[in-house]
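Sequence positions, counted from 1, serve as the residue numbers for this chain.
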Amino acid sequence: MGTITALGLLLLICMVAVGGTQGLQAWISLIFNFGALFFAMVLMAFHLPPVLVTLVTGVIVLAMTIFLGGNDSSSTMVAFYASVAVLFLLVILIIPVEHWAQIQGFGQEDSEDLEGMSTILGISYLNVAISTAILSTLGAIAEAAIAIAAGLAEILEQHPKITLKNLQNAGFKVGSQIIGTTFNTLFFGFFGGFLALFIWFAGVHYSLGEILNDKILVGEVLMVLFSMMSVIATIPLTTWAMVASERQARKKFLK
């Protein structure tokens with residue numbers, strides 16, 4: 001048994017032990033998401049438009065993550081709609097920023113690994129960079145959307161007569177509490193993944209200007225910033241969507 005297989009089974013055991021059926025569904029969604037991303041890479045390799053493939057894959061990944069990770073149909077539906085809206089809003093931001101940043105392709109740190117290999121893939125590296133940035137935000141979007149929707153659904157279950165104004169305020173309060181932890185998660189994930197690169201920068205005596213203009217570093221920083229922006233956008237959109245859904249449900253009840 002390989003290391004990855006053993007860790008995957010250990011993850012499954014822990015998720016089922018803690019989350020029960022919900023944990024099993026979350027683990028299954030992880031496997032399906034991996035398959036969806038792998039299939040997307042195959043489609044890109046066959047020269048289908050990378051951005052279009054990424055958008056379709058992103059919607060599929062969000063659906064599997066949210067619907068298999070939640071147990072309340074109304075809140076998960078609201079979370080899905082809000083997350084898709086955030087995804088398309090981010091695309092409007094990501095495309096011009098990636099064009100402006102000009103960080104697509106490989107950096108000079110990749111030269112040794114690429115020695116003897118052709119970098120002419122027949123695919124626009126800019127489109128690949130845009131696709132990578134979009135995919136990097138999916139986890140943060142889904143996490144924030146389901147956290148807000150599930151939190152507000154629990155409040156409605158405990159206090160069904162809560163006013164819509166108080167419900168909205170509760171959503172923003174829950175959102176403000178998850179922003180800090182999410183930002184720290186993204187930051188430390190980025191720092192941990194690039195610790196070796198930082199050591200390499202120090203070892204070869206990069207100047208501050210060279211570090212700030214390094215393609216690899218700037219590309220990763222942008223992806224972290226996009227993820228942070230996605231969380232910030234997801235909180236109000238999911239809250240407003242939950243309030244609108246509850247308003248509609250109360251109108252139907254009164255009729």
Side-chain angles (χ1 to χ4, degrees), residues 22 25-26 29 33 51 54-97 130 133-187 222-255:
Q22 207 66 37
Q25 291 179 353
S29 74
N33 287 341
V51 177
T54 301
L55 289 176
V56 175
T57 304
V59 173
I60 294 173
V61 168
L62 288 174
M64 288 190 292
T65 302
I66 292 174
F67 289 117
L68 289 177
N71 56 6
D72 180 73
S73 59
S74 59
S75 63
T76 51
M77 186 62 70
V78 169
F80 173 68
Y81 287 144
S83 62
V84 171
V86 173
L87 174 63
F88 283 95
L89 286 175
L90 278 176
V91 171
I92 298 174
L93 172 67
I94 288 173
I95 291 177
V97 170
I130 292 171
I134 295 171
L135 291 174
S136 70
T137 65
L138 296 180
I141 293 174
E143 179 184 0
I146 197 64
I148 297 297
L152 293 183
E154 182 65 22
I155 291 174
L156 284 171
E157 183 177 345
Q158 299 297 325
H159 306 282
K161 295 183 179 180
I162 187 174
T163 64
L164 296 179
K165 181 64 175 179
N166 288 337
L167 182 65
Q168 178 174 300
N169 292 337
F172 286 123
K173 186 174 181 179
V174 172
S176 65
Q177 292 174 347
I178 69 172
I179 282 180
T181 55
T182 303
F183 282 7
N184 280 313
T185 300
L186 293 171
F187 172 76
L222 281 180
M223 284 192 283
V224 172
L225 291 176
F226 289 142
S227 297
M228 291 180 176
M229 292 177 188
S230 70
V231 174
I232 294 174
T234 301
I235 291 170
L237 282 177
T238 306
T239 300
W240 293 332
M242 280 294 293
V243 171
S245 176
E246 178 62 17
R247 181 183 292 112
Q248 192 67 23
R250 292 183 181 183
K251 286 182 179 179
K252 289 182 179 179
F253 178 77
L254 291 175
K255 290 180 180 180

Which heavy atom of [X] sits nearest a heavy atom of [Y], and at what distance?
X: Met242; Y: Ser75; result: SD-CA, 4.3 Å
X: Gln168; Y: Thr239; result: O-CG2, 3.6 Å
X: Ala133; Y: Thr137; result: O-CG2, 3.4 Å
X: Ile235; Y: Gly171; result: CG2-O, 4.4 Å
X: Ala149; Y: Thr238; result: N-CG2, 3.9 Å
X: Ile66; Y: Ile146; result: CG2-CD1, 4.0 Å

Report the distance from atom [atom1] of [X] to atom [atom2] of [Y], rounding to the nearest 0.5 Å.
X: Ile179; Y: Asn184; atom1: CD1; atom2: CG; result: 12.0 Å
X: Glu246; Y: Leu164; atom1: CD; atom2: CG; result: 6.5 Å
X: Asn169; Y: Ile162; atom1: CG; atom2: CD1; result: 8.5 Å
X: Met228; Y: Met223; atom1: CE; atom2: CE; result: 13.0 Å
X: Leu225; Y: Ile94; atom1: CG; atom2: CD1; result: 11.0 Å
X: Asn166; Y: Lys173; atom1: CG; atom2: NZ; result: 11.0 Å

Side-chain touch [X]/[Y], heavy atoms, less than 4.5 angstrom:
X: Leu138; Y: Thr65; answer: no
X: Ile178; Y: Ile148; answer: yes
X: Val91; Y: Ile134; answer: yes
X: Leu152; Y: Val78; answer: no
X: Leu55; Y: Phe88; answer: yes

| So, does Ser230 use its side chain to make a donor-acceptor pair with the main chain of Ser227 at under 3.5 Å? |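 Present.
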
| request: Spell out, as yes or no, whether a donor-acceptor pair under 3.5 Å connects the side chain of Ser83 to the backbone of Phe80. | output: yes

| said: Could you check whether atom CZ of Phe183 has more than 12 heavy atoms from other residues, nucleotides or ligands sitting under 6.0 Å from it? | reply: yes

| request: Look at the rings of Phe172 and Trp240 and say which category their plane angle falls in: under 30° parallel, 30 to 60° tilted, over 60° perpendicular. | output: perpendicular

